[in-house]
Amino acid sequence: LNPRIGSFDLKVFCELRPGMIGWALLNLAFAAKEREVKGYTSLAMFLVNAFQGLYVWDSLYNEHAILTTMDVTTEGFGFMLCFGDLAWVPF
């Protein structure tokens, strides 16, 4: 099962982009909340955002490699794949 809307491949899109971008946005939101509450951003929060941001950037930059993974080549696009990518990755 590889659903498409025109040439837009839902499985390949949901595999990486929304979860990883959501992860980075949550990190930034946590840093903003810490700054609001404490008045500054701690070194630990800065490092978490920097290193995890680098990880997200690297995955998006090398997104073409996702086409060779087992999720894309052999598994169908079902609840577990969709839910895992959209809910478990960012949280």
Chemist: Are the side chain of Lys11 and the backbone N or O of Glu75 linked by a donor-acceptor pair below 3.5 Å?
Modeler: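 Confirmed, Lys11 side chain pairs with Glu75 backbone.
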
Chemist: For a quick test of reading the model, state the closest non-hydrogen atom pair linking Asp85 to Cys14 and the distance between them.
Modeler: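 Where Asp85 meets Cys14 most closely, the heavy atoms are CB-O, 3.0 Å.
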
Chemist: Any side-chain heavy-atom pair from Leu25 and Ile21 closer than 4.5 angstrom?
Modeler: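 Yes - at least one pair of side-chain heavy atoms lies under 4.5 Å apart.
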
Chemist: Counting only heavy atoms not in Phe8 (residues, nucleotides, ligands), do more than 12 fall under 6.0 Å from its CZ?
Modeler: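 Above 12, so yes.
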
Chemist: How many angstroms lie between atom CD1 of Ile5 and atom CG of Leu10, to the nearest 0.5 angstrom?
Modeler: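 Output value for this atom pair is 4.5 Å.
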
Chemist: According to a 4.5 Å side-chain heavy-atom criterion applied to Ile, Leu, Val, Met, Phe, Trp and Tyr, with indirect links allowed, do Trp23 and Leu16 form part of one hydrophobic cluster?
Modeler: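 Same cluster: Trp23 reaches Leu16 through Ile, Leu, Val, Met, Phe, Trp or Tyr contacts under 4.5 Å.
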
Chemist: Mind listing the closest non-hydrogen atom pair of Gly22 and Pro90 along with its distance?
Modeler: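 For Gly22 versus Pro90, the nearest heavy atoms are C-CB, 3.9 Å.
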
Chemist: In residues 42-51, what donor-acceptor pairs under 3.5 Å come from side-chain atoms, sequence neighbours left out?
Modeler:
{"residue": "Ser42", "atom": "OG", "partner": "Glu34", "partner atom": "OE1", "Å": "3.3"}
{"residue": "Ser42", "atom": "OG", "partner": "Glu34", "partner atom": "OE2", "Å": "3.2"}
{"residue": "Ser42", "atom": "OG", "partner": "Met45", "partner atom": "N", "Å": "3.2"}
{"residue": "Asn49", "atom": "OD1", "partner": "Leu28", "partner atom": "N", "Å": "3.3"}
{"residue": "Asn49", "atom": "ND2", "partner": "Asn27", "partner atom": "O", "Å": "3.4"}
{"residue": "Asn49", "atom": "ND2", "partner": "Met45", "partner atom": "O", "Å": "3.0"}

Chemist: Arg17 and Glu63: salt bridge (charged side-chain N to carboxylate O under 4.0 Å, His left out), yes or no, with the steps?
Modeler: CA-CA 9 Å; Arg17 286 186 192 178; Glu63 187 176 14; 3.0 Å; yes

Chemist: Minimum heavy-atom separation for Leu67 and Val72, please, with both atom names.
Modeler: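 Nearest heavy atoms, Leu67 then Val72: O-CG1, 4.1 Å.
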
Chemist: Under the side chain to side chain donor-acceptor pair (under 3.5 Å) rule, collect the residues that match up with Ser59, sequence neighbours excluded.
Modeler: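 Expected list: none.
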
Chemist: What's the separation between atom CE in Met80 and atom CH2 in Trp88, rounded to the nearest 0.5 Å?
Modeler: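 So the gap between those two atoms works out to 3.5 Å.
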
Chemist: Under 4.5 Å between side-chain heavy atoms, counting indirect links through other Ile/Leu/Val/Met/Phe/Trp/Tyr residues: same cluster for Leu60 and Val89 or not?
Modeler: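 Yes, one cluster joins them.
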
Chemist: Any heavy-atom pair between the side chains of Phe77 and Glu15 that's under 4.5 Å?
Modeler: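 Of all side-chain heavy-atom pairs linking Phe77 with Glu15, none is under 4.5 Å.
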
Chemist: Atom CG in Leu26, atom NZ in Lys33: separation rounded to 0.5 Å?
Modeler: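 The CG atom of Leu26 sits 14.5 Å away from the NZ atom of Lys33.
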
